[in-house]
Amino acid sequence: MQIKANDSSLKSWVEVPADSDFPIQNLPFGIFKTEYLNAGAGVAIGDYVLDLTYLYENGFLDGLGLPAGVFNQHTLNGFIGLGKQKTRAVRERISELLLDDNDELRDRKAARELALIPMEEVEMLMPVHVPNYTDFYSSEEHARNVGTMFRDPDNALMPNWKHLPVGYHGRASSIVVSGTPFHRPKGQTKANDADTPSYGPCRLLDFELEMAFITCKENGLGNPVSTQEAEDYIFGFVLFNDWSARDIQKWEYVPLGPFLAKNFASHSSPWIVTMDALEAFRVKGPEQDPAVLPYLKYEGKKNFDINLEVGIQPDGSEETVVCNSSFKYMYWNVNQQLAHHTGNGCNLQVGDMYASGTISGPTPDSYGSMLELSWQGTKTIAMKDGTERKFIQDGDTVVMRGFAERDGVRVGFGEVNAKVLPAK
Ligand code: CA
């Protein structure tokens, strides 16, 4: 598949800073509003947001067969639901409009100034309405670390782990966009030395470094999607912080799994980086041994080499990076996750989010949660301001960033950040 917009030699007439996550090869989609404009769809280019409603209404997207009003919406569900052929054609056309030698928009000063809005003037909103949220558990390093801490170092992985991508159905209503502060959750916990449980603010609040993919096509109830077909169903990816209350989790999770320890807030980054834009960053996944069942077999490069980092910024102080990981470490790839998820006929909906599970790497500085970084609270993490952390404190802002880089092209996600306020 040849995607012209991905050509590493392309340059835009819009100035793009060298370290920008949003060069012309990226063109991620999001929903924004400004003081003067209602919510609508945009594309990030350098330090600007390109207003797709404006482009559509002024004829710049003619000939693509797009329905009226498709960008003048509070979510991208309608747009991504047009299918990948259509959305790919839109990305190709936007790339063409932004090319340095294309004068269609470049030389029309008034149009250009209305179409391009400086990022500091926009507020980013949730990019999609999320009908369903699934959380996988697909990083072997993370599963091993948790199994080692809570069960048995010699049998860290459960017997099913290498045979299927473990996951559970999470809560969609509490997924919010980057920058939305939230209150420390309260819940029921029981200390090891206590006879009875108590109710109060979570003491072991944690982040989970994850990525999530968003689906753009329905399979219809009863129709499994194969690993070969899976990519037709995936529009793109966001960074995802799947906040977790470890003390609540520990007491409540038996026997049905995560519940209130997980559903109080999860944060998504605002820009959806298309699967198309990540083509150049495909890598082979880890060797899968034992061999997987036939419905989970796949061919080709299905992992993505995306650098990930997590920083903690204490209130009014400087940020400290506490984790450097990569999406390439995932044991189970997204094709397998989707094939497994639909293997029983479960129906996908447009806008669903499917999170990877905490993405930990092989070294202690690449662990994607405080649970692992502090090894269950037995180690402390030093902050630049002289304080220490085992878990996340009130006033802390947790920031996650991600980007892929090859041949001088950097395709990034921006960031997902959130500040923790005291319990209500
Ligand atoms: Ca998770």
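We count ligands from 1, going down the list as the structure has it; atoms in each ligand are counted the same way.
Restricting E210 to its N, O or S atoms, the one at the least distance from the Ca ion (ligand 1) is OE2. Residue E208 approaches the Ca ion (ligand 1) most closely through its N/O/S atom OE1. Restricting D242 to its N/O/S atoms, the shortest distance to the Ca ion (ligand 1) is reached by OD2. The Ca ion (ligand 1) sits nearest to atom OD2 when only the N, O or S atoms of D135 are considered.
One finds a salt bridge joining R401 and E319 here, because a Lys/Arg side-chain nitrogen approaches an Asp/Glu carboxylate oxygen to under 4.0 Å. Taking 4.0 Å as the cut-off between side-chain N and carboxylate O, R93 and E96 count as a salt-bridged pair. Salt bridge present: K302 and E231 bring a charged side-chain N and a carboxylate O closer than 4.0 Å.
Taking the six-membered ring where tryptophan is involved, the planes of W161 and Y331 are tilted, since the angle between them lies from 30° to 60°.
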